[in-house]
Amino acid sequence: MSQISLTFPDGNARSYNPGVTPAEVAESISKSLAKKAISATVNGRHWDLQWPIDADSTININTMQDDTQALELIRHDLAHIMARAVQEIWPEVRVTIGPVIEKGWYYDFDRKEPFTPEDLGAIEAKMKEIINRRDPVTTEIWERDRAIAYYQANNEPYKVELINAIPGDEPLRMYWHGHWQDLCRGPHLQHTGQVPADAFKLMSVAGAYWRGDSTRPMLQRIYGVAFKNRNDLKAYLTFLEEAEKRDHRKLGREMDLFHMQEEAPGQVFWHPNGWSIYTTLQDYMRRKQRAGGYHEINTPQVVDRKLWEASGHWDKYQHHMFIVEVDESRDGENDDAAIKDKAQTRINALKPMNCPCHVQVFNQGLKSYRDLPLRLAEFGSCARFEPSGALHGIMRVRGFTQDDAHIFCTEDQIQEECARFIDFLADIYRELGFPDFEIRFATRPEKRVGTEESWDYVENALENAIKAVGRDYVLEPGDGAFYGPKLDFYLTDAIGRVWQCGTFQVDPNLPERLGASYIAPNGEKTRPFMLHRACLGSFERFIGILIEEHAGKLPFWLAPRQVVVASIVSDADDYVHEVVAALRAKGVQAEADIRNEKINYKVREHSVGKVPVILACGMKEVEDRSVSLRRLGEKQTRVQTLEETVAALAAEATPPDLA
RNA sequence: GCUGCUGUAGCUCAGAGGUAGAGCACUCCCUUGGUAAGGGAGAGGUCGAGAGUUCGAUUCUCUCCAGCAGCACCA
């Protein structure tokens, strides 16, 4: 039998018998490597130490030093160890699937009684016990019939269903952890003792549909996180605490920005401080849009169903719309809704999107090709009946305002408009403190309208536009809207979370449905394309992102209360008012605090309230016409003249586009 | 929407089958204090809503509403 050649990372090659396993290869190199080995990488593929190699290959023996592989194996093994622990404690529980996810793993179980927090503790203890048993992990490939018979005999219906879903030509691999066994594509560690017993934690239990399908049974999913060592686990738990501290719902209350209440679920009551952020941001966007060649418009909130039928929303989106019935015979005199006159009832819907209304504006009067591209922008207030479980603070709401715009243009203007938008967006994101963003390019989905030629042309235009502005992108094949391809723009925040904010979508469909047209150079009525685009997404969500990004310590120009001027003794009160007036005269949002409290108390309160600058004034400052300036998060104070302070803070309060 | 958990003062949270408590915040008084909580007093709650069990329910049961985590959703 001819030998096979295995090439190591250093370029050296050695000959082995066909069918040699990485475990044997490691053994042939050194005993210590064999012991330390956790898996191999064979021809770039993550490979179990027990899997045979049949042909010439490149090979690397992985150890715990190889982070990517080590973490994957640790987490994957823990998924199995957890499933085993659960079945050892509750043999009647049925197992399903347990994949590795970011930071850890989960496993879905079918069990009648809910898992309690105490159960999680018991499972964790049992897992540690299993790890300490150091059971060898072994694997075999089984015939499909044998595997199905095995699982039927063991009353594991979910496993049977899984096997039936695996394509027929794929081998079925079984893994044993000691006597416990699971269907798994691997790879796994050599023995359970290789899993660090002190670097994992079960986090939570939650419902999850079997195979992600809301018509299938609801299972119980237990989430765990795992790392290579105790310190990494600790660091991750600290990160979670950090994220919790940044929670915009908590900060929104502490900073007195907004509240929500059950009479208006998913809608925001903005307080003065929060509304100040909102309007500052909106003013900024309005200036940017004007400079960017957009025309701002405003369109109705409540619109007759006829328009939604024409646009297609009534068919496809109705269950997400707030529907309003009005009995027009009442004429405002009869307040009893129960005696509505059906014949006179008119059905309206709150607009969930602005696009149909924007087409109405476009449709007024005859448009010439000379009018294109026509960029119509609206801070459009929309209402969507989001499922209750989707609501989340001000990030996912039922009433919100988009920084929306629709660009009406010809097909050959798409590319330039797209490139122009990316530049426009990049400028805004940079000024708002997000210099890096990711573009995802979503192409034609399976269910779509329009010809292949048209999709070819439009997808090409978008791709060329991204290249023209010199940016990278991630391709997401099949993720486009049914009417056209789109670009989505993702921001990464200070603690690594990713948010989709901007979007750019090409739509030939809605102009068609709503009969938009312009007169082309050849004198014929022609359909324009419509480009949907947004930068922030919604003000509500974007402000939530800003709050969490900055942990409440907003950039000075966005801060609702930029300066608090606090008296140290009451004899300085008059001077405090003078300082506040001087700041306000220069456009700085300043407030006086002359309460009968010690300066310590005032400093603490305004620090908790995330006021960026506190100016303290005692008798010394009164005499010198100075202020003692303290910045949020800093301990030291600086005494400066009133004049220079006002000038400096006024400059700092200037929005980035005006600076 | 689904599964699980939660709902007590403005906030954070105790508590019990016989209609309630703490700390902070709030009001008043004392204190004029130099950079993250000075002291004292006071006021404040239909215990998420409705129904049932009970002599009696805020506490037990059911339904609903809202919130939280996850899933599904985000055309």
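Here is the naming used below: chain letters follow the sequence lines, and residue numbers restart at 1 for every chain. When reading the values below, keep in mind they use all heavy atoms of this one structure, side chains included, and skip hydrogens, waters and symmetry mates.
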Please report the distance, rounded to the nearest Å, between NZ in A:K610 and P in B:A36. 15 Å
Under 4.0 Å protein heavy-atom contacts per nucleotide of nucleotides 64-71 of chain B, with B for base, S for backbone only and - for none: -SSSSSBB
So does A:A243 get a backbone contact from the side chain of A:E548, meaning a donor-acceptor N/O pair under 3.5 Å? no
Verdict with supporting geometry, A:Y473 and A:E438, side chain to side chain donor-acceptor pair (under 3.5 Å): CA-CA 7 Å; A:Y473 62 92; A:E438 186 181 291; over 6 Å; no
Does a side chain donor of either A:N354 or A:Q402 reach within less than 3.5 Å of an acceptor in the other side chain? yes
I want to confirm an ordering. Mapping A:R253 and A:K486 to their closest nucleotides on RNA chain B, which one lands closer to the 5' end? A:R253
Between A:S567 and A:K602, a side-chain donor and acceptor under 3.5 Å: yes
Please give the distance between the C1' atoms of B:A57 and B:U8 as a whole number of Å. 15 Å
Kindly assign one of parallel, tilted or perpendicular to the pair A:F227 and A:Y236, based on the angle between their ring planes and the thresholds 30° and 60°. tilted
Taking only N/O atoms, report every protein-nucleotides 24-30 of chain B pair under 3.5 Å with atom names and distance.
{"from": "B:A25", "atom 1": "OP1", "to": "A:Y601", "atom 2": "OH", "distance (Å)": "3.3"}

A:R630 or A:P114, whichever maps to the more 5' nucleotide of RNA chain B: A:P114
Worked check of side-chain contact (heavy atoms from CB on, under 4.5 Å) between A:T299 and A:Q360: CA-CA 9 Å; A:T299 60; A:Q360 306 314 304; over 6 Å; no
Using the P atom as the point on both nucleotides, what is the distance between B:U12 and B:G7, in whole Å? 13 Å
Is the Lys NZ or Arg CZ of A:R111 less than 6.0 Å from the centre of A:F115's six-membered ring, within 45° of the axis? yes
Establish, yes or no, whether the cationic atom of A:R221 lies under 6.0 Å from the six-membered ring centre of A:Y106 and within 45° of the ring axis. yes
What interatomic distance, in whole Å, is found between P of B:G42 and the corresponding atom of B:C2? 50 Å
For the P atoms, the ones on B:U54 and on B:A66, what distance do you get once it is rounded to whole angstrom? 31 Å
A:Y429 vs A:F542 aromatic rings, parallel, tilted or perpendicular, using cut-offs 30° and 60°? parallel
Can you give me the dot-bracket string for RNA chain B, 5' to 3', counting Watson-Crick and G-U wobble pairs with both distances under 3.5 Å, using [ ] for crossing pairs and | for partners on another strand? (((((((..((((....[..)))).(((((.......))))).....(((((..]....))))))))))))....
Between B:G34 and A:K598, is there an OP1 or OP2 to side-chain N/O distance shorter than 4.0 Å? no
Given B:G38, B:C73, B:A36, identify the nucleotide with an atom nearest to the side chain of A:R396. B:C73
